[in-house]
Amino acid sequence: MQPRSLISAQDIAARVAVLGREIAARLPDGALTVVGVLRGAFVFMADLVRAIPRDVRCDFLGVRSYGAATETSGVVQITSDLSLPVAGQHVLLVEDIVDTGLTLRYLLDLLQAQGPASLHVCTLLSKPSRRRVEVPLDFVGFEIPDRFVVGYGLDVDQKYRSLPYVAVVDE
Ligand code: 5GP
């Protein structure tokens with residue numbers, strides 16, 4: 001399995017810069033808590049928070065979804081909880097990829113129950129053709145076709161997370 005580049009490091013950097021400015025402009029004034037979904041979103045989040053020209057607090061949610069290796073079952077286990085309270089905070093949830101939408105639906109319900117002042121979603125990648133539940137995506141880096149991708153934080157069996165670009169793995 002040799003990964004082939006789908007989105008270059010340069011294209012990702014340019015898009016992240018635009019997203020950062022859009023997020024700063026569109027989210028309500030006040031303290032902003034950025035919550036990254038581990039582990040896939042850690043690379044994207046590191047670049048994204050540095051592109052948002054305002055003060056941010058950073059927190060993380062560790063999740064594991066059961067199912068086949070390349071597809072979620074929608075049953076999500078929280079492996080590491082938030083360390084900061086989000087009640088009354090403006091929250092931006094940062095995802096690596098939204099596929100069926102089941103994981104994000106679960107996480108949005110979980111966060112909403114804690115009473116944030118506002119809740120927005122930014123995902124690096126979205127596969128709209130795979131969606132099984134409607135989820136609000138406020139900021140999307142790239143829409144991609146129904147291909148399994150790795151790199152820039154995304155893995156297959158813990159490999160390829162450190163690739164600086166997004167790639168397709170040939171079966
Ligand atoms: P969803 O619940 O939207 O179906 O899936 C979300 C999760 O499935 C992502 O956070 C990611 O962990 C995994 N996933 C979905 N599509 C891909 C993909 O193309 N590549 C990788 N590496 N993970 C994916």
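One-based numbering along the sequence shown. Just follow the structure's listing: the first ligand is 1, and inside any ligand the first atom is 1. Everything numeric here is computed off the predicted structure, so don't read it as measured data.
Interface atoms of ligand 1 facing Gly101, defined by a heavy-atom separation under 4.0 Å, are 1 (P), 3 (O), 4 (O). In summary, the atoms of ligand 1 found under 4.0 Å from a heavy atom of Asp155, numbered by their order in the structure, are 21 (C), 22 (N). Counting atoms of ligand 1 from 1 in the listed order, those under 4.0 Å from a heavy atom of Glu95 are 10 (O). Below 4.0 Å from some heavy atom of Leu154 lie the following atoms of ligand 1, by number and element: 20 (N), 21 (C), 22 (N), 23 (N). Shown in contact with Thr103 at under 4.0 Å from a heavy atom are these atoms of ligand 1, numbered in order with element: 1 (P), 2 (O), 5 (O), 6 (C).
Between Asp109 and Arg105 there is a salt bridge, since a side-chain N of the basic residue sits under 4.0 Å from a carboxylate O of the acidic one.
Taking a 4.0 Å cut-off on heavy atoms, Arg147 registers as neighbouring ligand 1. Every heavy atom of Gly40 sits 4.0 Å or more from the atoms of ligand 1. For Asp96, the closest heavy-atom approach to ligand 1 falls below 4.0 Å. Contact between Arg130 and ligand 1 is absent, with no heavy atom of the residue lying under 4.0 Å from the ligand.
Side-chain atoms of Ser83 and Asp59 form a donor-acceptor pair, as typed in the model, at a separation below 3.5 Å.
Within 6.0 Å of CD in Gln158 there are more than 12 heavy atoms belonging to other residues, nucleotides or ligands.
Between Leu104 and Val133 there is no side-chain heavy-atom pair separated by less than 4.5 Å.
Here the side chain of Arg57 pairs no donor or acceptor atom with the backbone of Thr33 at under 3.5 angstrom. Judged by distance alone, the side chain of Arg64 and the main-chain N or O of Gln77 form no donor-acceptor pair under 3.5 Å.
Counting heavy atoms closer than 4.0 Å to ligand 1, residue Lys127 contributes side-chain atoms (C-beta onward) but none from N, CA, C or O.
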Item checked: Verdict with reasoning, Leu19 to Val140, per side chain to side chain contact (heavy atoms under 4.5 Å, CB included) -> CA-CA 8 Å; Leu19 286 173; Val140 177; over 6 Å; no
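Residue Val149 places at least one N or O, backbone or side chain, under 3.5 Å from an N or O of ligand 1. Looking at Val150 next to ligand 1, no N or O pair under 3.5 Å apart turns up.
In plain terms, the two heavy atoms of Gly30 and Arg54 that are nearest each other are O-NH2, 2.8 Å.
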